[in-house]
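Please find one structure pasted underneath; my questions will follow.
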Protein chains: 2
Amino acid sequence: MGTKQQITEKITALLKDSKLSVTDTRMKILELFMKSNGALEHSDIETQAGQSFDRVTVYRTLQTFLDKGIIHKIPTTDTSVRYAVCKSECSEHDHHDHHVHFKCESCGTTTCLDETNIPEISLPKGYAMHNVEVVVSGVCKTCK
Amino acid sequence: MGTKQQITEKITALLKDSKLSVTDTRMKILELFMKSNGALEHSDIETQAGQSFDRVTVYRTLQTFLDKGIIHKIPTTDTSVRYAVCKSECSEHDHHDHHVHFKCESCGTTTCLDETNIPEISLPKGYAMHNVEVVVSGVCKTCK
DNA sequence: ATTATTTTTGCAACATAGTTGCATTTTTAT
DNA sequence: ATAAAAATGCAACTATGTTGCAAAAATAAT
Ligand SMILES: [Mn+2]
Ligand SMILES: [Mn+2]
Ligand SMILES: [Zn+2]
Ligand SMILES: [Zn+2]
């Protein structure tokens with residue numbers, strides 16, 4: 001985990017590396033992502049940040065982080081949009097999150113299974129594959 | 001495809017098999033699904049149905065079809081919800097759509113690749129798998 | 001075929017989610 | 001310290017989804 005001070009430094013570095021201004025909103029939201037063990041959605045952030053930020057700012061911050069390759073989206077079958085921090089390999093407009101996502105039906109959390117690779121899929125003739133998303137649902141390690 | 005008459009009979013039978021009342025809304029929406037070569041979202045249905053049905057009715061109809069195993073959802077990374085007709089194996093509260101979904105980045109359509117099976121995935125120790133969703137994005141057969 | 005019962009629909013009203021323009025504030029560059 | 005650039009907050013708006021209830025339609029019973 002690291003001390004509060006270390007986390008702050010790490011987050012600041014991450015923002016600077018992405019050529020983003022270091023602002024309170026961005027620091028706070030990134031901190032929430034770092035602390036969380038699962039993916040976050042917009043409403044989680046609004047709640048956990050303690051109603052200190054405008055909704056619009058949160059939307060714009062998430063979009064900025066997406067653009068810069070700091071976070072990635074996770075597909076869902078409801079209308080919610082889930083976000084999780086990317087690994088270091090990701091960069092602006094070039095995401096490399098080729099791992100499986102897991103949604104626990106018990107606790108509701110969605111996590112990145114960074115070690116679980118996505119297997120090969122052979123599409124029918126004529127289809128070109130650019131990206132594969134895999135979301136597994138079931139019961140997680142903690143809830144079992 | 002079949003004639004208009006044949007499609008009507010087929011749809012009527014499907015509704016009766018699912019123990020649903022045969023109504024104009026349900027006939028029309030099922031017809032749209034049958035005619036469409038890809039998945040539909042709520043707005044597609046409202047548009048294509050020619051503003052004849054109330055929004056609420058469309059929502060409720062889709063939910064009913066989901067419950068009865070007539071359609072299934074397809075995960076997305078935006079807030080949209082996509083639906084496609086299930087194969088015959090599906091029944092009430094017991095979906096069996098273990099196929100890959102494909103989203104074309106060119107034409108935007110999402111299709112069920114019924115013949116493309118979902119490969120085995122080995123999760124980390126402690127995780128129980130109930131369902132797997134796979135969505136591939138790229139360029140489809142038609143757009144290539 | 002008529003009537004009774006059950007189900008579905010449409011409307012209104014509401015709630016939540018997401019977007020855009022613009023003035024003010026904050027951050028970064030000079 | 002000042003100027004330039006960028007981010008934020010607010011207001012106003014659009015889109016999406018939900019609930020209760022009365023009217024209408026579909027099915028079941030007579
Ligand atoms: Mn992930
Ligand atoms: Mn499908
Ligand atoms: Zn869990
Ligand atoms: Zn296409």
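The model shown is predicted, which means the values in this text are computed figures rather than measured ones. Numbered from 1 within each chain, the chains take letters A, B, ... in sequence-line order.
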Exercise. Between Gln63(B) (CD) and dT8(C) (C1'), how many Å, whole number?
Worked result: 15 Å
Could you tabulate the donor-acceptor pairs under 3.5 Å formed by side-chain atoms of residues 125-144 of chain B, not counting sequence neighbours?
{"residue": "His130(B)", "atom": "ND1", "partner": "Glu105(A)", "partner atom": "OE1", "Å": "2.6"}
{"residue": "Ser137(B)", "atom": "OG", "partner": "Glu105(B)", "partner atom": "OE2", "Å": "3.4"}

For this session: Measure the distance from NZ on Lys73(A) to P on dA17(C) and round it to the nearest whole Å.
Result: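 Value for this atom pair: 15 Å.
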Exercise. When the distance from CD of Glu46(A) to P of dG18(C) is rounded to whole Å, what number comes out?
Worked result: 10 Å
Problem set entry | Between His42(A) and Tyr59(A), ring centroids under 6.0 Å |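 So the answer is yes for these two rings.
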Exercise. Under the 3.5 angstrom rule, does the side chain of Gln48(B) hit a backbone N or O of Ile45(B) as a donor-acceptor pair?
Worked result: no
Exercise. Given atom CZ of Phe53(A) and atom P of dA7(D), what is their separation to the nearest angstrom?
Worked result: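 Those two atoms, CZ and P, are 15 Å apart.
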For this session: Under 4.0 Å between any heavy atoms, over every strand shown, what does Ser43(A) touch: base, sugar-phosphate, or nothing? Just pick one.
Result: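 The residue Ser43(A) makes no contact with any strand.
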Exercise. In whole angstrom, what separates Lys68(B)'s NZ from dT7(C)'s P?
Worked result: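 Answer to the nearest Å: 11 Å.
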Is there any protein nitrogen or oxygen under 3.5 Å from a nitrogen or oxygen in nucleotides 3-6 of chain C, and what are the pairs?
none

Exercise. Taking only residues at least two apart or on different chains, which pairs with a member in residues 5-40 of chain B satisfy ring pair (Phe, Tyr, Trp, His ring centres under 6.0 Å)?
Worked result: none
For this session: Specify the separation, in whole Å, of atom NZ of Lys28(B) and atom C1' of dT9(C).
Result: 18 Å
Exercise. How long is the line joining CG of Leu15(A) and C1' of dT28(C), in whole Å?
Worked result: 14 Å
For this session: Just call it for Thr64(A): base, sugar-phosphate, or nothing, with non-hydrogen atoms closer than 4.0 Å on any strand.
Result: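 Counting heavy atoms under 4.0 Å across all strands, no contact is made by Thr64(A).
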Exercise. Of the options Thr76(B), Thr77(B), Ile74(B), which is the one that meets Pro75(A) in a side chain to side chain contact (heavy atoms under 4.5 Å, CB included)?
Worked result: Thr77(B)
Using the 3.5 Å cut-off, write out each protein N or O paired with an N or O of nucleotides 17-24 of chain D and the distance between them.
{"residue": "dG17(D)", "atom": "OP2", "partner": "Tyr59(B)", "partner atom": "OH", "Å": "2.8"}
{"residue": "dG17(D)", "atom": "N7", "partner": "Arg55(B)", "partner atom": "NH1", "Å": "3.2"}
{"residue": "dG17(D)", "atom": "N7", "partner": "Arg55(B)", "partner atom": "NH2", "Å": "2.9"}
{"residue": "dG17(D)", "atom": "O6", "partner": "Arg55(B)", "partner atom": "NH2", "Å": "3.0"}

For this session: Could you tell me whether Glu31(A) and Lys4(A) have a side-chain N and a carboxylate O separated by less than 4.0 Å?
Result: yes
For this session: For Ser80(A), check side chain to side chain donor-acceptor pair (under 3.5 Å) against everything at least two apart and list the hits.
Result: Asp78(A)
Exercise. Between the main-chain N or O of Gly38(A) and the side-chain N or O of Ser36(A), is there a donor-acceptor pair closer than 3.5 Å?
Worked result: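 Looks like yes, one N/O pair under 3.5 Å.
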For this session: Mark yes or no for whether His72(B), through its side chain, and Ala84(B), through its backbone, hold a donor-acceptor pair below 3.5 Å.
Result: yes
Distances under 3.5 Å between nitrogen or oxygen atoms of protein and nucleotides 26-30 of chain D:
{"residue": "dT27(D)", "atom": "OP1", "partner": "Val22(B)", "partner atom": "N", "Å": "2.7"}

Exercise. Could you give the CG-to-C1' distance, from Asp67(A) to dA7(D), as a whole number of Å?
Worked result: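 So the two atoms are 15 Å apart, to the nearest Å.
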Exercise. Does the side chain of Ile70(A) come within less than 4.5 Å of Ser18(A)'s, by heavy atoms?
Worked result: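 Yes. Closest side-chain heavy atoms under 4.5 Å.
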Exercise. So, does Arg26(B) use its side chain to make a donor-acceptor pair with the main chain of Ser21(B) at under 3.5 Å?
Worked result: yes
